[in-house]
Each structure stands twice: as C-alpha cells, then as structure tokens.
Chemist: 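The following block contains the structure, expressed as structure tokens.
Atoms within a ligand are numbered from 1 in the order they appear, just like the ligands themselves. Side-chain atoms are counted along with the backbone in the values below, which use heavy atoms only and exclude waters and symmetry mates.
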Amino acid sequence: MRLTEEEQAMYEGRDGPAVQRAMDLLMRYGRALGAERLVETNNVTASISASTPFMRDFAKQKGGMNAVFSEFSLDSPDVVEIPKVKVFTSHVQLGFDPAQAARMGVPEEAVHFYKKGEAFTTGLGVQAMNTCTPYQVGNVPTRGEHCAWMESSAVIYCNSVLGARTNTEGRESAGAAMLTGRIPYWGYHLDENRLGSHKVELGIDVETTADWGMLGYWIGDQVQERVPVVTGAGGRFSKAPNLARLKHFGAAASSSGGVEMYHLVGITPEAMTVEQAIGSGRPVDTLHYGAEERLATWRKLNANATDTAVDYVMLGCPHYTIEQIWEAARLLEGRKVHENCELWLFTPRAIKTIADQNGYTKIIEEAGGHILSDSCSAMSRATPEGTKVVALDSAKQAHYLPAILGLQAWFGTTADCIEAACTGRWDGRLA
Ligand code: F3S
C-alpha cells in the first residue's frame, strides 16, 4: 500500500506505540482487502466498551481498559497506553442501560464496571452517544464525507440517506481509525461501488414505518449484499419517507441481506434519476414488489408466533426518534399497559432527555411503560422476566430476537404493538 509522509511517520512510531499499532492494523487490513491506499476520515463510529463478562474479566486480569483496547481494538501483542482520539468519534450502543440495570437484570458489579468504561471512553475524547443511530444525535456526516462506521443499520443510513461514504467497519478497524484518522480506501468509498445492481419497481405505495420495514426486509432477502435502486409506484414515490421510515427500511435490508447502500429514485442524494443511480448502460436485474410480496413478507416476519398472549412489547429498533416517541405517547395517553405485559421503548439518551422535557416519558410511565437507552433487547439479551412472546414494530428486531432468545415474535405497526401492550393480546392484521 502507498502511504503519505504523514501516514509513514505514524507507521514508524512518531505518535507513540498505540498509533503505530493502529497503522500496522490498517495496513494489514487494507492489504487483505486489496486497497492501494488509505483515505482520510474525520468521522468514526465505534465500540470500545468491555460489555461482556469475558471482556470484563480480561480487563481485571490484564490491567484495565488500556488492555482491552490494545487486545480487542488494536490486535496488539502487548498492552499500550491509548492516547486521545485524533478524530470525531461517537460510541455505538452498549450492553445495557445503566439507569435501568435492575429492570434489565444486570448486577451492580457490571454497572460499576460500565461507569469505569464510560469514563475511559469520554477520557479519550469519544462522544458517549451510545446509540445505533448516531445520525439522530449529532453525528451527521455530509455528502461525500469519508467515514469509518460500525453498526449495519447506521452504515446503510450513512451511505444511502446522507450520501456519506463508509464500509461496515469492525471494532478493530474503527478503533484504529479513531487514533489515526485513516481507513482503507475501498468498497463504498469508491464511486463505482456505489452504483445500483438491481432495479426494484414498486407496484404499491409504501406508507407506514412497518411497511417500509417490510419492503426493506424483502429487498435485503432478494439482493443480499448488492445495491438496490428503488422506484416508486408509477415511477415516483407519492410521499417522501421520513427519518423513521428510512431508518426501519435500511435496518431491515441489512438484516435479511447485507445491504450497505440503496438508492430511492428522486429521494436519496445519489439517485435523482435511475441513470444516476445505476450508471449509464450498465445492465441490472429488475425486481417487482407488489401486494403479493408484501403479504408474503408480513407472513414470513410473523411465521414463528402462534401464541396471541403477548408478555413483552419492545419498540425502538433502531433506536426510536423523538417523533416515534411522540407517536407512541399519543397512542398510550390515558391507557394502561396490561398487567401481564411489559412495554419498553429504546432511544438514545439525548432523545430521552427531550422526551422527559416534553412530557412523553411521564405519559409512557403513567401508562406503565418504560423508556430505556444505550442498548436494546437483542444487544443486551434482556427482556422482562419470563418473556415468551414479544410484539415488535421492527423487522430487524423480528429477524433477530427469535434466533437470539428463542422467543415467539409478532411483527406489525406501532399501533398494533401499543394495542398489544394495553390488551396483552396480539390482534395485528395486515391493513
Ligand atoms: Fe439498534 Fe439494537 Fe436494533 S442496537 S439497530 S436497536 S438491534
């Protein structure tokens, strides 16, 4: 790989051993990918926490968070002191919400360690956003900006909706990027890899957030890790989808498949026309999504549930927007969560503060629900005790929770889910 003078100096140890290890890791990673060089990045989303019991034990035995970073983020043979980060870095979601640890069944000792980990994180200059949706709370890269982001649902949003450029990085490459401001120049950093591979023609309008989730789930299944270009019914979208719809669409497409980038013609920034999204003269496959495909997807997402007695409703995958919390609060106002059911909503901490301020937290708590942050049930593997049947408005969470926790999962609209929370029964139907 070709290095600039600055990169060569970091590689030779000018900025200390941690930066040297980071450059070494990026070189090995870049060579394996066939990258010819690195690209500058000023925007990283990463995980540097020690959220599993194994990592906590490792930290205790090997000398704390410097040891964890050296081993798990830098693949370093020895423990090196980690300097402050060189570039703007936000932290992704973690293993639990420290403010709701007891509710999530997390022991006090883990909370204590979590707080130490967070002090280490912020001490390095990393922003403790602790969310899979950093673009909601202050990390909003601009079009064309080169980034190094973890978390598939955030990556697809970053590439497709914001028009910034990132591959799905891992803990190691993102850790190395935050110390060097560099990442291998390959994949979605390059113009040619951002062009569409499949044209998806919609035969129906896509309306609700659940609908956008189903469409994403179907497309991911069809195209796997390729780049879909979606055209609205009759050639144009009747309504521009909002942030929540695009968030659910992308998260679903990156769950059933490995989609990291999509184009919505007339909506997303690199797809003002089909030709712009696909490139001129490139042959692509064409797929059709209509009422039949929508019904099949809804059935697939509900395939493992038979018991209509719901004991847990989880909302907020990816983390809820303030608009979604407002919507949930309106649906819940004046009602009560059923005694046999629990309702948990996940959102970034910063958005929870707005929900507190606007009175939505009070409405949700008075109804018997709870707002949590920093994590989700799939990440934390935490659900209310005894949960067997869960209701969800997220195709991504419906994809993962049955596999991770062996639960029955119902999928539907937010309104279906709030209804299930208040009645303790699933009655969702495809409208
Ligand atoms: Fe976020 Fe958890 Fe879903 S981390 S994208 S809420 S699986």
Chemist: Listing by chain and number, which protein N, O or S atoms are under 2.8 Å from atom 2 (Fe) of ligand 1?
Modeler: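 Less than 2.8 Å away from atom 2 (Fe) of ligand 1 sit Cys376 SG.
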Chemist: Give me the atom names and distance for the closest heavy-atom approach of Pro348 to Thr133.
Modeler: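 Taking Pro348 first and Thr133 second, the nearest heavy atoms are CG-OG1, 3.6 Å.
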Chemist: For ligand 1, which atoms have a heavy atom of Glu151 less than 4.0 angstrom away?
Modeler: 5 (S)
Chemist: Checking side chain to side chain donor-acceptor pair (under 3.5 Å) between Glu270 and each of His263, Arg194, Arg143, which is the one that passes?
Modeler: Arg194
Chemist: How far apart are the closest heavy atoms of Phe58 and Ala67, and which atoms are they?
Modeler: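 Phe58 and Ala67 have their closest heavy atoms at CE2-O, 3.6 Å.
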Chemist: Which residue in the set Met150, Met129, Gln93 passes side chain to side chain contact (heavy atoms under 4.5 Å, CB included) when paired with Pro134?
Modeler: Met129
Chemist: Tell me, please, which residues at least two apart from His399 pass ring pair (Phe, Tyr, Trp, His ring centres under 6.0 Å).
Modeler: Tyr217
Chemist: Answer yes or no for Arg294 and Trp298: cation-pi contact, defined as NZ/CZ to six-membered ring centre under 6.0 Å and angle to ring axis within 45°.
Modeler: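 Geometry flag: not set, cation outside 6.0 Å or 45°.
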